[in-house]
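Quick caveat, the model's predicted, so the values are computed rather than measured. We count ligands from 1, going down the list as the structure has it; atoms in each ligand are counted the same way.
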Amino acid sequence: MTATHPQLVLSGMQPTNTLHLGNYLGALKNWVRMQTEMPCLFCVVDMHALTQESGYAKADDVRRATREVTAAYIAAGVDPKRTPLFAQSMVAEHAELAWIFNCVARLGWLDRMTQFKEKSGKHKERSSAGLYTYPVLQAADILIYKATHVPVGEDQRQHLELTRDIAQKFNNDFAAPDFFPLPEAVITGPGTRVMSLRDGSKKMSKSDESDYSRINLTDDADAIAQKIRKAKTDPLPLPQSEKELEGRPEADNLIAIYAALAEEPVAAVLAQYGGQQFSGFKNALAELAVAKLTPIAAEMRRLMADTAEIDRILKAGAEKASTIAAAVMADVKRIVGFVG
Ligand code: TYM
């Protein structure tokens, strides 16, 4: 179905706390590669950040994090001259299309979203309505540009399936066959689900209370090395085959992180380190992580020293994105029956 639509990549990250290794290996690293393969648009989803954070006290945090996430995109290798970067809130059509999609998506579909269940926890009735309809806005982020490819981590698979369902139902209900593409999730590489360094059964996450659970993109060499040295492991030596990684989530995670950072297959990492103790492997992993990540942190610091330049980049990116979004939104309004 996407064959009828020109290839276009869209993805985004939330400006809540600092980005971590999972965001980098699961998504950002693939964005850098994809920008040489297809046209891309990358945004900072600041409206999504309000689904859990709100109020005056948080406003400055959202603003600072929006700039910092933009700096991370650029520092990791996204070229703003080639690829528009912008904040979601700068292109009003995201919210406009999200309303239409709220009328397309079914409550039953949203009820199945596991991320809402995780984020709302035991207090569903106290969660914002925005948290519940979060994936509908995400579908609008993608489809307002008729994007065909969405590079994300494994945890976003269900949201991408919902995006396809919304696109399909819109196309059917409004007798607009093929109007929206059915976008594909691009989930590739060994780093699509990076786990906590403290607990191999939990995802590495911005919201984990323990800073030792994650490597932040802003961590310095000492912090990176210390977190890897303290990472949970099991008492056995490193396995020699992928089969033996089963049931050893911490070993699996550290090997996957090494493979993703070194851009080597897991089998090659096991061939090199299999049978060895964790201590030596952790030293090698710490060295690799420091070599790959500290230049990104340094470049982020340099970029954050000139926030006016970051704001200019976002504004220029938003202008380009708006041109596409306005044209799609005009068609949507006509299709659903709005007069204006
Ligand atoms: P967010 O901000 O939670 O995460 C940003 C990206 O990082 C990936 N990711 C991970 N990958 C591997 N291991 C992990 N531990 C890990 N943690 C996070 C996420 O899969 C994501 O790709 N809903 C999205 C934001 C969004 C979006 C969009 C994405 C809003 N609109 C449109 C794509 C297209 C999210 O929660 O991102």
Trainee: Can you confirm whether more than 12 heavy atoms, excluding those of Lys117, are under 6.0 Å from its NZ atom?
Mentor: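 More than 12 heavy atoms, drawn from other residues, nucleotides or ligands, come within 6.0 Å of this atom.
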Trainee: Quick check on Glu37: does its CD atom have over 12 non-hydrogen neighbours (other residues, nucleotides or ligands) under 6.0 Å away?
Mentor: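 Yes, the 6.0 Å shell around CD holds more than 12 heavy atoms from other groups.
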Trainee: Looking at Tyr132, is Lys119 sitting on its ring face, NZ or CZ under 6.0 Å from the six-membered ring centre and within 45 degrees of the normal?
Mentor: no
Trainee: Can you give me a line-by-line list of nitrogen or oxygen pairs between ligand 1 and the protein shorter than 3.5 Å?
Mentor:
{"from": "ligand 1", "atom 1": "2 (O)", "to": "Gln14", "atom 2": "N", "distance (Å)": "2.9"}
{"from": "ligand 1", "atom 1": "2 (O)", "to": "Lys206", "atom 2": "NZ", "distance (Å)": "3.0"}
{"from": "ligand 1", "atom 1": "4 (O)", "to": "Asn23", "atom 2": "ND2", "distance (Å)": "3.4"}
{"from": "ligand 1", "atom 1": "7 (O)", "to": "Asn23", "atom 2": "ND2", "distance (Å)": "3.0"}
{"from": "ligand 1", "atom 1": "11 (N)", "to": "Gly22", "atom 2": "O", "distance (Å)": "3.1"}
{"from": "ligand 1", "atom 1": "13 (N)", "to": "Val194", "atom 2": "N", "distance (Å)": "2.8"}
{"from": "ligand 1", "atom 1": "15 (N)", "to": "Val194", "atom 2": "O", "distance (Å)": "2.8"}
{"from": "ligand 1", "atom 1": "15 (N)", "to": "Met204", "atom 2": "O", "distance (Å)": "2.9"}
{"from": "ligand 1", "atom 1": "20 (O)", "to": "Gly153", "atom 2": "N", "distance (Å)": "2.8"}
{"from": "ligand 1", "atom 1": "20 (O)", "to": "Asp155", "atom 2": "OD1", "distance (Å)": "2.4"}
{"from": "ligand 1", "atom 1": "22 (O)", "to": "Gly153", "atom 2": "N", "distance (Å)": "3.2"}
{"from": "ligand 1", "atom 1": "23 (N)", "to": "Tyr134", "atom 2": "OH", "distance (Å)": "2.8"}
{"from": "ligand 1", "atom 1": "23 (N)", "to": "Gln138", "atom 2": "OE1", "distance (Å)": "2.9"}
{"from": "ligand 1", "atom 1": "23 (N)", "to": "Gln156", "atom 2": "OE1", "distance (Å)": "3.0"}
{"from": "ligand 1", "atom 1": "31 (N)", "to": "Asp141", "atom 2": "OD2", "distance (Å)": "2.6"}
{"from": "ligand 1", "atom 1": "36 (O)", "to": "Tyr134", "atom 2": "OH", "distance (Å)": "2.9"}
{"from": "ligand 1", "atom 1": "36 (O)", "to": "Gln156", "atom 2": "NE2", "distance (Å)": "3.3"}

Trainee: Establish, from distance only, whether the side-chain atoms of His159 and Gln138 form a donor-acceptor pair under 3.5 Å.
Mentor: yes
Trainee: If we ignore hydrogens and angles and just use 3.5 Å, is the side chain of Glu309 paired with the main-chain N or O of Ala305 as donor and acceptor?
Mentor: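 Judged by distance alone, no pair lies under 3.5 Å.
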Trainee: In sequence, state the C-alpha distance, the side-chain angles, and the governing distance for Asn172 and Gln168, and then conclude on side-chain contact (heavy atoms from CB on, under 4.5 Å).
Mentor: CA-CA 6 Å; Asn172 289 343; Gln168 178 113 60; 3.9 Å; yes
